[in-house]
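Notes follow the structure.
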Amino acid sequence: MTITVALVVTGSIAAYKAPLVARLLKKAGVRVIPIMTRSAEQFVGRATLSGLTGEPVRCDPFGEGAAGELHVELGRIADVVAVVPATADFIARLAQGRADDLATATCLCADAPVVLAPAMHPRMWTHPATQRNVALLVGDGRAELIGPALGEVASGDEGPGRMSEPEAITHEILARASRREGAAARAARRDLVGKHVVVSAGPSVEDVDPVRFIGNRSTGKMGFAVAARAAARGARVTLVSGPVALPTPAGVERIDVRGALAMKAALWGALGPELAHADALVMTAAVGDYRPKSVSATKLKRDESSVVLELVPNPDLLAEIGAARKTARPVLVGFAVETADDEALIRSARGKLRAKGVDFVVANSASDSFGRDDNRAFFVDSHSAEPTGVLSKPALADRVLDRVRTALESPT
Ligand code: CTP
């Protein structure tokens, strides 16, 4: 598959190096679509870029035979959008989310990584406004930097702001393009066909009376991501979910429950007698450890005295399943959530691994996971604790399922 790079050239003296990047990318077999801002034309000729790339230079969102919405089309087909050079002004416009020319509109609309190779005088680079803009873009996760390097700039002054060399920029662009290709290939995998994966998700909520309950802050995003990815990879998926505000992923059978006891019944129903009906159980649910001893049939009335709510322990659903498992199937995955530091988190996860008899535990801290779209976790098994780094929940779901698939390859 040919890689496509949208090469955005903005108006800096370093623009003369952009044709070198275009040439190196072409040599690597990449399709390069040049996009120029108006001021870039002061520094490099259209003919140079179009001659090197074999593509017309795009500049005007409404010109050059544009059919439909050019920025949308470019944003869709680019595997990487590379801004070489990126001026202080362009970075400022991107940080504001502006889309007042084709170059900014394409960056804003890109589905792919946007990489910036800044080039400017060191005083412009170190200006708090530029640093604030860069921090905003990087913090939003919507742009990555290549450089700038420390060295001499056009004026003869020295400092940070010199654009990285074309070879280094090309190397970084190609690395991002192949990472994206790898991610696309992973997304297209169908390696769980014929497997039945049971997933629990969300909170359990324990009713106190017809209008009140005890719950927790789990939103279900992690479990729904595991269910969605397992289904996309070909598995038959049963998702047992506490009350959450999420749509059912495509191809997933969903069973809605409230309390831990209902979740237990639904899980055993899906796993079958002797756990024989499932290949794996991924237990992401935040199961409440206690429930009210009794549930009032009518709404409890207010009075001035304090109230003591008697709670009784819920069964540990995963530990019961772990204890009932007589073979290596189903593969059992626990999640562990803590508010402690990494070391204590891993120690506690190892305790849960043993106590619940599971194959591995995905350990995460509440602040890194609850309600967020990304997560940072450790895969903890009996002999290692592998950090995942920060990943989107679907990407972490894929990593969990990779481990499940590996475990399924071992004998029962
Ligand atoms: N779990 C369960 N049944 C419970 C409590 C937890 O099946 N009653 C499962 C969770 O789904 C998760 C794992 O056990 O996969 C660990 O849950 P966690 O809340 O981190 O730990 P607990 O065992 O509840 O221990 P503690 O709350 O004391 O940390």
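Quick note: residue numbers are just sequence positions, from 1. Side-chain atoms are counted along with the backbone in the values below, which use heavy atoms only and exclude waters and symmetry mates. Order of appearance sets the numbers: ligands from 1, and atoms from 1 within every ligand.
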*Are Asp256 and Arg254 close enough, and set up right, to give a salt bridge (charged side-chain N to carboxylate O under 4.0 Å, His left out), and what steps lead you there?*
CA-CA 6 Å; Asp256 285 316; Arg254 172 171 173 175; 2.8 Å; yes

*Determine whether any heavy atom of Pro315 lies closer than 4.0 Å to an atom of ligand 1.*
yes

*asked:* Taking distance alone, with N or O pairs closer than 3.5 Å, would you say Ser200 contacts ligand 1?
replied: no

*Examine Leu318 against ligand 1 and note whether any of their N/O atoms are separated by less than 3.5 Å.*
yes

*Can you list the atoms of ligand 1 that are under 4.0 Å from a heavy atom of Gly334?*
15 (O)

*With the side chain counted from C-beta on, respond yes when Met36 and Val44 share a heavy-atom pair under 4.5 Å apart, and no when they do not.*
yes

*So which protein heavy atom does atom 23 (O) of ligand 1 come closest to, and at what separation?*
Lys356 NZ, 2.5 Å

_Contact with ligand 1 for Glu320, non-hydrogen, under 4.0 angstrom_ = no

*Does any N/O atom on Ala285 come nearer than 3.5 Å to any N/O atom on ligand 1?*
yes

*Can you sort out the partners of Arg189 under side-chain hydrogen bond (donor to acceptor under 3.5 Å, both in side chains), two or more places apart, ordered by chain and number?*
Asp402

*Which ligand 1 atoms does Met283 reach within 4.0 Å, using its non-hydrogen atoms?*
7 (O), 11 (O), 12 (C), 15 (O)

*How close does the nearest protein non-hydrogen atom get to atom 16 (C) of ligand 1, and which residue and atom is it?*
Phe335 O, 2.8 Å

_Arg38/Asp101 ion pair, N-O < 4.0 Å_ = no

*Mind checking whether Val361 contacts ligand 1 via backbone (N, CA, C, O), side chain (CB onward), both or neither, at a 4.0 Å heavy-atom cut-off?*
neither

_Atom indices of ligand 1 within 4.0 angstrom of Asp289 heavy atoms, with elements_ = 5 (C), 8 (N), 24 (O), 27 (O)

*Identify, by atom number and element, the atoms of ligand 1 in contact range of Ala336, meaning under 4.0 Å from any of its heavy atoms.*
20 (O)

*asked:* Is atom 19 (O) of ligand 1 touching the protein, meaning some protein heavy atom lies under 4.0 Å away?
replied: no

_Can you report which non-hydrogen protein atom sits closest to atom 3 (N) of ligand 1, along with the distance?_
Leu317 N, 3.1 Å

*Provide the closest heavy-atom pair for Val57 versus Leu49 in the form atom of the first, atom of the second, distance.*
CG2-CB, 3.9 Å

*Is there a side chain to side chain donor-acceptor pair (under 3.5 Å) between Ser384 and Asp381 once you walk through the steps?*
CA-CA 6 Å; Ser384 66; Asp381 60 23; 3.0 Å; yes

_To check your reading of the model: name the closest protein heavy atom to atom 4 (C) of ligand 1, its residue, and the distance in Å._
Val287 CB, 3.5 Å

_Minimum-distance protein heavy atom relative to atom 26 (P) of ligand 1_ = Lys352 NZ, 4.0 Å

*With atoms numbered from 1 as shown, which atoms in ligand 1 lie under 4.0 angstrom from a non-hydrogen atom of Val337?*
20 (O)

*Measuring from Leu332:CG to Leu353:CG, what's the distance to the nearest 0.5 Å?*
10.5 Å

*asked:* Run the salt bridge (charged side-chain N to carboxylate O under 4.0 Å, His left out) test on Lys352 and Asp316 for me, step by step, so that the C-alpha distance in whole Å, both residues' side-chain angles and the decisive distance to 0.1 Å come before the verdict.
replied: CA-CA 11 Å; Lys352 289 176 189 177; Asp316 187 326; over 6 Å; no

*Before accepting this row, confirm whether a basic side-chain N of the pair Arg58/Glu73 lies closer than 4.0 Å to the acidic partner's carboxylate O.*
no

*Val30 versus Ile173: any side-chain heavy-atom pair under 4.5 Å?*
no

*Which of the atoms of ligand 1 are close to Glu338, meaning less than 4.0 Å from one of its heavy atoms?*
29 (O)

*Can Arg403 be said to sit on top of Phe360's aromatic six-ring, NZ or CZ under 6.0 Å from centre and within 45° of the ring axis?*
yes

*Can you find an N or O of Asn314 that's nearer than 3.5 Å to an N or O of ligand 1?*
no

*Would you call Lys299-Asp209 a salt bridge at under 4.0 Å N-O?*
no

